[in-house]
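Take a look at the structure set out below.
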Amino acid sequence: LEHATEESAVSWKHLEWKDGIETLRRPIPGTQLYAHRAVTTVDVPLSVVMKTIRDTPHQSSWIKDLQEQEEFHKSAHHQDENEHYVETAIVRQKYQFAIPGVKPREFLMKRTMTTTEAKDGSGRTSVEASFISFADEKQDYPVCDGCIRGHNMGSTWTFAAVEGGKKTKISAGVAVDPHLKNLSQFFVNAFQKRWPHDTIHRLVLKL
């Protein structure tokens, strides 16, 4: 298993290793919340990992607390100025947390999937999926019945082929405010710390 890179070690503080997954955190500026990151490497090629990631109807079986997901305005892959392949979509996710009396949380986000291809034409070398909430000023996407809309301040999943493509390094960095205003920030941080680890662990079991 790979440790956090030297670059990320400067900004992310290691918390623990569990189930072969490293968990890290760093403060979110202007808040009392922390962003959390989980990293692991699996003995599975990138193409196999992405097949599971792309299976949207079954994502709730491994993404922790996810109940429902919808995609809108999904674009075709197109090449950008850096010769990466980009796909965009609007995504709505509904989560039910295992906390008594807490209403479901909904996140309305812009998702950007960026794929890097090997220059020798041998296939994908990495895929990055970034998520960020946006203001639905025209109210094109009303909040689902009984839900409270949370705020994703910028979360990124990365999948990179390593060791000649035999393995895949998986990283999930999550910066989210679920608007759990009746709970202490200490509790919210402790609760959210588990999410990237548990989600990656479930994903690994699916591969």
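What you see is a predicted model; the values in this text were computed from it and never measured.
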Should [X] and [Y] count as side-chain neighbours, where that means a heavy-atom distance under 4.5 Å?
X      : Y      : result
Arg124 : Thr116 : no
Gln96  : Lys103 : no
Val86  : Thr114 : yes
Met109 : Arg92  : no
Lys167 : Val44  : no
Val188 : Pro178 : yes
Met153 : Ile28  : yes
Glu117 : Thr125 : no

Indicate the ring-plane relationship of Trp17 and His14, choosing parallel, tilted or perpendicular according to the 30° and 60° boundaries.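 Tilted, since the angle between the ring planes falls between 30° and 60°.
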
Please verify the inter-ring angle class for Trp157 with Phe159; under 30° counts as parallel, over 60° as perpendicular, anything in between as tilted.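 Because their plane-to-plane angle is under 30°, the rings of Trp157 and Phe159 count as parallel.
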
With no hydrogens and no angle check, do the side chains of [X] and [Y] hold a donor and an acceptor under 3.5 Å apart?
X      : Y     : value
Thr88  : Ser75 : yes
Asp55  : His58 : yes
Ser171 : Arg37 : yes
Tyr95  : Gln93 : yes
Arg26  : Ser11 : yes

Can you measure from [atom1] ([X]) to [atom2] ([Y]) and round to the nearest 0.5 angstrom?
X      : Y      : atom1 : atom2 : result
Cys144 : Glu68  : SG    : CD    : 7.0 Å
Ile148 : His179 : CD1   : NE2   : 9.5 Å
Thr168 : Glu163 : OG1   : CD    : 10.5 Å
Thr56  : Gln69  : OG1   : CD    : 5.5 Å
Arg111 : Lys74  : CZ    : NZ    : 5.5 Å
Lys64  : Asp198 : NZ    : CG    : 4.5 Å

Are [Y] and [X] linked, directly or through intermediate hydrophobic residues, by side-chain heavy-atom contacts shorter than 4.5 Å (ILVMFWY only)?
X      : Y      : result
Val174 : Val204 : yes
Ile90  : Val143 : no
Met50  : Val42  : yes
Val48  : Ile63  : yes

Check the surroundings of atom CD in Gln32: do more than 12 heavy atoms from other residues, nucleotides or ligands lie under 6.0 Å from it?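 Incorrect, the count does not exceed 12.
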
Tyr85, OH: over 12 other non-hydrogen atoms inside 6.0 angstrom: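 Open.
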
Could you tell me which residues satisfy side chain to side chain contact (heavy atoms under 4.5 Å, CB included) with Thr52, sequence neighbours excluded, listed by chain and number?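 Per chain and number, Thr52 pairs via side chain to side chain contact (heavy atoms under 4.5 Å, CB included) with Trp62, Leu203, Lys206, Leu207.
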
Do you know the tightest heavy-atom contact between [X] and [Y]?
X      : Y      : result
Val176 : Ser155 : CG2-OG, 4.0 Å
Gly146 : Pro104 : O-CD, 3.4 Å
Leu33  : Thr31  : N-OG1, 3.0 Å
Pro27  : Pro29  : O-CD, 3.5 Å
His197 : Lys18  : NE2-O, 3.3 Å
Ser130 : Thr156 : CB-OG1, 4.0 Å

Test your reading of the model: is there a side-chain donor-acceptor pair from Ser133 to the backbone of His151, 3.5 Å cut-off?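 A pair under 3.5 Å: no.
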
Check the pair Arg105 / Asp65 against side-chain contact (heavy atoms from CB on, under 4.5 Å), numbers first and verdict last. CA-CA 10 Å; Arg105 258 47 182 183; Asp65 301 322; over 6 Å; no

Can the ring centroids of Phe131 and Phe107 be said to lie less than 6.0 angstrom from one another?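 Ring centres of Phe107 and Phe131 not closer than 6.0 Å.
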
Sort and list the pairs that fulfil salt bridge (charged side-chain N to carboxylate O under 4.0 Å, His left out) and have at least one residue in residues 126-146, not counting sequence neighbours.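 Listed by first then second residue: nothing to list.
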
Show me the pairs that pass salt bridge (charged side-chain N to carboxylate O under 4.0 Å, His left out) and involve residues 173-195, at least two apart or across chains.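 Passing the test, one end in residues 173-195: Glu16-Lys193.
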
Before you tell me yes or no, could you show the steps for Asp43 and Lys166 under side-chain contact (heavy atoms from CB on, under 4.5 Å), namely the whole-Å CA-CA distance, both residues' side-chain angles and the distance that decides it to 0.1 Å? CA-CA 7 Å; Asp43 297 324; Lys166 296 178 182 178; over 6 Å; no

Can you check side-chain contact (heavy atoms from CB on, under 4.5 Å) on Thr115 and Ser126, steps first, answer last? CA-CA 6 Å; Thr115 300; Ser126 68; over 6 Å; no

Stepwise salt bridge (Lys or Arg N to Asp or Glu O under 4.0 Å) test for Glu106 and Arg149: CA-CA 5 Å; Glu106 177 198 86; Arg149 182 165 288 172; 2.6 Å; yes

Run the numbers on Arg54 and Glu87 for salt bridge (Lys or Arg N to Asp or Glu O under 4.0 Å), then give the verdict. CA-CA 12 Å; Arg54 290 284 194 177; Glu87 173 191 295; 2.9 Å; yes

Might you work through the side-chain contact (heavy atoms from CB on, under 4.5 Å) test for Tyr34 and His36, ending with a clear yes or no? CA-CA 6 Å; Tyr34 284 92; His36 291 90; 3.7 Å; yes

